[in-house]
Amino acid sequence: MKFESLDDAIKCYGKNNLVAISFLKQIIFYTKHGVQPCFIWESERNKGKLTCWYLKSETEYINKLWKDSKEDGVQ
């Protein structure tokens, strides 16, 4: 689905169902493990940087893998 704005994505999924990730290494990790963002937009906090918005339900398992990889020193 293609959205024209972040508000459109929030209206579709609900703000509580979305997770915003701006850290590039984490975005690459998620993508390598098959989790794709449902929306990409400029960061609200850091102009000029991207934020990828993921569905919370799709990131629960991969977030655990991400945290484990950071503890193991692999990123």
Exercise for review: Kindly say whether the aromatic ring centers of F3 and Y13 come within a distance under 6.0 Å.
Suggested key: yes
Check your understanding: Checking E42 side chain against K47 main chain: does a donor-acceptor pair fall under 3.5 Å?
Key -> no
Exercise for review: Of all the heavy-atom pairs spanning W41 and S5, show the shortest one and how long it is.
Suggested key: CH2-CA, 3.8 Å
Review point. Are L6 and I40 grouped together when hydrophobic residues (ILVMFWY) are joined by side-chain heavy atoms under 4.5 angstrom apart?
Key: no
Check your understanding: Which atom pair, heavy atoms only, marks the closest approach of K15 to I10?
Key -> N-CG2, 3.8 Å
Review point. T31 versus I27: any side-chain heavy-atom pair under 4.5 Å?
Key: yes
Check your understanding: Any ion pair linking K11 and D7 (charged N to carboxylate O, less than 4.0 Å)?
Key -> no
Exercise for review: Give the cluster check for I28 versus V19: same hydrophobic cluster or not, with ILVMFWY residues linked at side-chain heavy-atom distances below 4.5 Å.
Suggested key: no
Review point. What heavy-atom pair brings Q36 and E58 nearest, and what distance separates the two atoms?
Key: O-OE1, 4.1 Å
Check your understanding: Would you say I21 and L65 are hydrophobically clustered, going by side-chain heavy atoms of ILVMFWY under 4.5 Å?
Key -> yes
Revision key, fill the gap. OG of S22 to CG of L50, rounded to nearest 0.5 Å, is 8.5 Å
Practice item. State the NZ-SG distance between K2 and C38, to the nearest 0.5 angstrom. Key: 15.0 Å
Check your understanding: Side chains of F23 and F29: closer than 4.5 Å at any heavy-atom pair?
Key -> no
Exercise for review: Verify whether one side chain among Q26 and Y30 offers a donor that lies under 3.5 Å from an acceptor in the other.
Suggested key: yes
Review point. Roughly how far, to the nearest 0.5 Å, is CG of L18 from OG of S57?
Key: 9.5 Å
Review point. Is it the case that one hydrophobic cluster holds both W53 and L24, taking links as side-chain heavy atoms less than 4.5 Å apart, direct or via other members?
Key: no
**Study point:** Check: K56 side chain, N16 main-chain N or O, donor-acceptor pair, under 3.5 Å
**Key:** yes
